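Presented below is the structure to which this report refers.
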Amino acid sequence: MSMWWSLHLRREAASVPLARRFLLGTMETAGVDPDISYDLSVALSEACANAVEHGGDRWDAPDTEGAGDMSGPRPVQGGPSGQYRVTAYLDGEKCRIEVADSGPGFPARRTLRTAAQPAVEPPAAAQSPAPCPSAGQPPVTAESGRGLGLIEELADHVHFANRPGRGAVVSFDKVLKWRKGALLMVS
């Protein structure tokens, strides 16, 4: 059994719970184990929140001909930069989710991480109470910046990619577990 769906959403905070509920409803109907559904829904929420926050408006050069108080670049509203796309694939025993936006993309340090290649952590004696921001991790007191790491922890395989001139894509997948008697369970 396989199925897929795709949503084109506005870069607004209200779109995040909409995408999450859509995924949870699909998983419930298919008969996916609630713990797996929850992990995927949290990862999806983080990816969507990232697209809403950083998905990027296009920027115009400053208006130098009598703009009054309009100094510096300003966003151009509308068009594809005001949207992002969520696509989910349930194929066999795996669910793959992609969230694509039209922002500036990820820094070069984001690469593929799989369950077989967990994030490298220093020995316990070398760990500090708060991760060093220069090492790519936000400080413990930061109000944001943990979403991509959370996706890495919740999914089996994660890939962060840039689409040159077109934004960023977060792709992640997870092996599915099924409830007993699931309607769409893989035989």
Side-chain angles (χ1 to χ4, degrees), residues 1-9 11 15-56 83-122 127 131 135-138 144-179 182-187:
M1 184 281 307
S2 66
M3 64 181 189
W4 70 273
W5 52 262
S6 185
L7 300 171
H8 292 257
L9 301 165
R11 284 186 43 243
S15 68
V16 176
L18 175 67
R20 181 177 179 144
R21 284 188 214 121
F22 198 89
L23 177 68
L24 285 169
T26 301
M27 297 291 186
E28 172 69 24
T29 301
V32 174
D33 177 81
D35 290 337
I36 299 296
S37 298
Y38 179 78
D39 286 353
L40 285 168
S41 73
V42 171
L44 175 62
S45 295
E46 293 298 333
C48 290
N50 197 60
V52 167
E53 179 75 18
H54 304 288
Q83 301 175 32
Y84 67 100
R85 185 185 75 239
V86 175
T87 305
Y89 307 87
L90 275 77
D91 190 20
E93 295 181 351
K94 179 173 71 172
C95 178
R96 176 177 201 99
I97 297 174
E98 295 179 1
V99 177
D101 65 43
S102 55
F106 294 105
R109 69 176 179 80
R110 287 285 172 197
T111 58
L112 177 66
R113 196 248 344 142
T114 66
Q117 302 166 326
V120 177
E121 297 207 18
Q127 288 182 347
Q137 299 296 323
S144 64
R146 293 184 193 83
L148 298 178
L150 187 57
I151 294 168
E152 289 176 319
E153 293 300 319
L154 293 169
D156 294 330
H157 299 90
V158 180
H159 188 232
F160 302 97
N162 291 325
R163 301 176 308 159
R166 296 179 35 216
V169 178
V170 176
S171 301
F172 55 95
D173 57 54
K174 191 163 184 82
V175 173
L176 299 174
K177 293 180 187 172
W178 301 90
R179 291 189 327 258
L183 294 174
L184 302 176
M185 186 169 65
V186 177
S187 302

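Fair warning: this is a prediction, and the values are worked out from it, not measured in the lab. Just the heavy atoms: all of them, side chains too, but no hydrogens, waters or symmetry mates, feed the values below.
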Working to the nearest 0.5 angstrom, can you tell me the gap between [X] [atom1] and [Y] [atom2]?
{"X": "Ile36", "Y": "Ser41", "atom1": "CD1", "atom2": "OG", "answer": "11.0 Å"}
{"X": "Leu44", "Y": "Leu7", "atom1": "CG", "atom2": "CG", "answer": "8.5 Å"}
{"X": "Leu23", "Y": "Trp5", "atom1": "CG", "atom2": "CH2", "answer": "5.0 Å"}
{"X": "His157", "Y": "Lys174", "atom1": "NE2", "atom2": "NZ", "answer": "11.0 Å"}
{"X": "Leu176", "Y": "Met27", "atom1": "CG", "atom2": "CE", "answer": "5.5 Å"}

Specify the closest pair of heavy atoms between [X] and [Y], including all atoms of both residues, with the distance to one decimal.
{"X": "Ala30", "Y": "Leu90", "result": "CB-CD2, 4.3 Å"}
{"X": "Trp178", "Y": "Gly92", "result": "CZ2-O, 4.0 Å"}
{"X": "Ile151", "Y": "Ala47", "result": "CD1-N, 3.6 Å"}
{"X": "Val16", "Y": "Ala49", "result": "CG2-N, 3.9 Å"}

Measure the shortest side-chain to side-chain distance between [X] and [Y] over non-hydrogen atoms and say whether it is less than 4.5 angstrom.
{"X": "Trp4", "Y": "Asp91", "value": "no"}
{"X": "Cys48", "Y": "Tyr84", "value": "yes"}
{"X": "Leu9", "Y": "Val52", "value": "no"}
{"X": "Val32", "Y": "Cys95", "value": "no"}

Worksheet item: Considering residues at least two apart in sequence or located in another chain, which fulfil the salt bridge (charged side-chain N to carboxylate O under 4.0 Å, His left out) criterion with Glu98?
Response: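 In terms of salt bridge (charged side-chain N to carboxylate O under 4.0 Å, His left out), with neighbours along the sequence ignored, Glu98 is linked to Arg96.
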Fill in: Within residues 15-26 or reaching into it, pairs that qualify as salt bridge (charged side-chain N to carboxylate O under 4.0 Å, His left out) - sequence neighbours excluded
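Qualifying pairs, neighbours excluded: none.
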Worksheet entry | Pairs flagged by salt bridge (charged side-chain N to carboxylate O under 4.0 Å, His left out) wherever residues 22-31 is involved - sequence neighbours left out |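 Residue pairs passing salt bridge (charged side-chain N to carboxylate O under 4.0 Å, His left out), neighbours aside: Glu28-Arg179.
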Item to complete: For Ser15 and Arg11, indicate whether the former's side chain and the latter's backbone hold a donor-acceptor pair under 3.5 Å.
Response: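 No; zero donor-acceptor contacts below 3.5 Å.
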Worksheet entry | Residues forming a side chain to side chain contact (heavy atoms under 4.5 Å, CB included) with Lys94, sequence neighbours excluded | Asp173
Worksheet item: Leu150: what forms a side chain to side chain contact (heavy atoms under 4.5 Å, CB included) with it, not counting sequence neighbours?
Response: Val42, Glu46, Leu154
Worksheet item: Do Val169 and Arg163 pass the side-chain contact (heavy atoms from CB on, under 4.5 Å) test, and can you show the C-alpha distance, the side-chain angles, and the key distance before you say yes or no?
Response: CA-CA 7 Å; Val169 178; Arg163 301 176 308 159; 3.4 Å; yes
Worksheet entry | Thr87: side-chain hydrogen bond (donor to acceptor under 3.5 Å, both in side chains) partners, not counting sequence neighbours |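 So Thr87 forms a side-chain hydrogen bond (donor to acceptor under 3.5 Å, both in side chains) with Ser6, Arg85.
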Worksheet item: Among all residues two or more places apart in sequence or in another chain, which pass the side-chain hydrogen bond (donor to acceptor under 3.5 Å, both in side chains) test with Asp39?
Response: none
Worksheet entry | Where at least one partner belongs to residues 31-52, residue pairs that pass ring pair (Phe, Tyr, Trp, His ring centres under 6.0 Å), sequence neighbours excluded | none
